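In what follows, chains are A, B, ... by sequence order, proteins preceding strands, each numbered from 1. Computed from a predicted structure; not experimentally measured.
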There are 2 protein chains.
Amino acid sequence: MTDTGPRTRIQERNIAAILDAALDVFSQAGFRGATLDQIARAAGLSKPNLLYYFKNKQAIHRELLSELLDTWLDPLRGLNDEGDPIEEIVDYVMRKLEMARTMPRESRLFANEIVQGAPHVLDIIEGPLKALVDEKAALIRGWAAAGRIAAVEPYHLIFSIWATTQHYADFDVQVRGILSPEGDAHFADAAAFLSHLYRRALAPG
Amino acid sequence: MTDTGPRTRIQERNIAAILDAALDVFSQAGFRGATLDQIARAAGLSKPNLLYYFKNKQAIHRELLSELLDTWLDPLRGLNDEGDPIEEIVDYVMRKLEMARTMPRESRLFANEIVQGAPHVLDIIEGPLKALVDEKAALIRGWAAAGRIAAVEPYHLIFSIWATTQHYADFDVQVRGILSPEGDAHFADAAAFLSHLYRRALAPG
DNA sequence: AAAGAGTTTGACCAATTGGTCAGGGGAACG
DNA sequence: CGTTCCCCTGACCAATTGGTCAAACTCTTT
């Protein structure tokens, strides 16, 4: 099942329900901490029925991760040599922050995976992800060499952008415990702060 | 057992072995993902013997977390109004980064706990942690009001420091997958980058 | 060296967990 | 309207897991 995409309406509906439920559960408990019963209950299906659509627990998790990795790196792919370098980078930060706001479960799914040693995606990190980061680091290094931005180590710049933006999704509980915001209101302040942070850090000279 | 600190040598040795093993296992698998068998094996003890020293799985986890929280916030407590504000803050960043380098397991233990919703420490976050952060945020706000640092939102400044420094511990696998560093060599570059980042961002005017 | 505390273990248990399977019900389609 | 897939379930299973317990062993103290 689920090898060539959904076909019938029932399949489409149930697979979507399973993946949504699994995203809830995996992102909140990690792979080992999640149970099929939890996922089945959250999806409104019986466990055997769940296993009718997915071969096993790993298959659900793998499907979620591969779906995620596609969209997760889109903002970085969009970092191009088209406009002003500082605007490009700040735009990237804002896109990343917006993803943290609208897709916190996906961010936490990824965070769980990495914190626990990336057992399922290590090859992707060392392969395609590294290649993409290498490419963008070279672009940033070029901007620095041309004096269009300050001389910063591009890899650590990228790490800091990942860290500061994903923090609002991954450590959401802590952020809310300290700020007690109304809904997502604190994201506006976060955006202002990060905009200031990177504009200042990257201004040439 | 373990209610009033170790007494005999055997207790001291075994409790230390258990906590060290548990830190390995919990930080890598989260609370639910960790098993008593794993911890016992890593500590070189049998499972019943492990449970002779700790009442249950929760007790081990709780002990680790409370030990950790004490030391974890020390760097922030050290943020005082004694020297130059920018040096104070950069020192804090460096102390935090050094903790990420020397205590990555502790950082990941905490990260696992927060990512998974902080079920065991939510009260501490909303209580003592919030109080401490409120206090330091007021200090930073005072510096900004006095024009001694740039006008930044102090809470988000603190979040960004936590995020950027702990990233090197929590996402260690990813960082290493991209940089392939020799040992901890990349921490020097990280320190240089973060120093630049915060000096630029905080410079007044 | 015997008492007595402290330490360790094998055997065991109930609950949970990932997963299977045979068969029953339902929708679609000729 | 009957057949043929597709969908779903209850019952079940083996392995794992957190935890217990009585008995045995070991170390210290008198």
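The NZ atom of Lys57(A) sits 12 Å away from the C1' atom of dT16(C) (whole-angstrom rounding). A straight line from CD1 of Ile10(A) to C1' of dA28(C) spans 10 Å, rounded to a whole angstrom. Taking atom CD1 on Ile15(A) and atom P on dC8(D), their separation rounds to 11 Å, with Å as the unit. Following rounding to the nearest Å, Arg32(B) (CZ) and dA15(C) (P) show an atom-to-atom distance of 17 Å. Rounded to whole Å, the distance from CZ on Phe54(B) to P on dT20(D) is 15 Å. Rounded to whole angstrom, the span from the CZ atom of Arg13(B) across to the P atom of dT26(D) amounts to 14 Å. Whole-Å rounding puts the Asp37(B) CG to dG10(C) P distance at 13 Å.
A donor and an acceptor atom sit less than 3.5 Å apart, one in the side chain of Lys47(A) and one in the base of dG18(C).
Distances shown here put a side-chain N or O of Thr8(A) below 4.0 Å from the OP1 or OP2 atom of dC7(D). Contact annotation: Asn14(B) side-chain N/O to dG6(C) OP1/OP2 distance is not under 4.0 Å. Note on Ser46(A): a side-chain N or O is less than 4.0 Å away from OP1 or OP2 of dT9(D). Residue Gln11(A) places no side-chain N or O under 4.0 Å from the OP1 or OP2 atom of dC6(D). Contact check, Asn49(B) against dT9(C): a side-chain N or O comes under 4.0 Å of OP1 or OP2. At the phosphate of dC21(C), neither OP1 nor OP2 sits under 4.0 Å from any side-chain N or O atom of Tyr52(A).
In this structure, Ala34(A) reaches the sugar-phosphate backbone alone: every heavy-atom distance under 4.0 Å involves primed, P, OP1 or OP2 atoms, never a base.
To the nearest 0.5 Å, atoms CZ (Phe54(B)) and CG (Asn49(B)) are separated by 12.0 Å.
Between Asp170(B) and Arg108(B) there is no salt bridge, since no side-chain nitrogen of the basic residue lies less than 4.0 Å from a carboxylate oxygen of the acidic one.
Ring-plane geometry between Phe171(A) and His167(A) is classed as parallel, the angle between the planes falling under 30 degrees on a 0 to 90 degree scale with a further cut at 60. In this structure, Trp72(B) and Phe110(B) have tilted ring planes: the angle between them lies in the 30° to 60° band.
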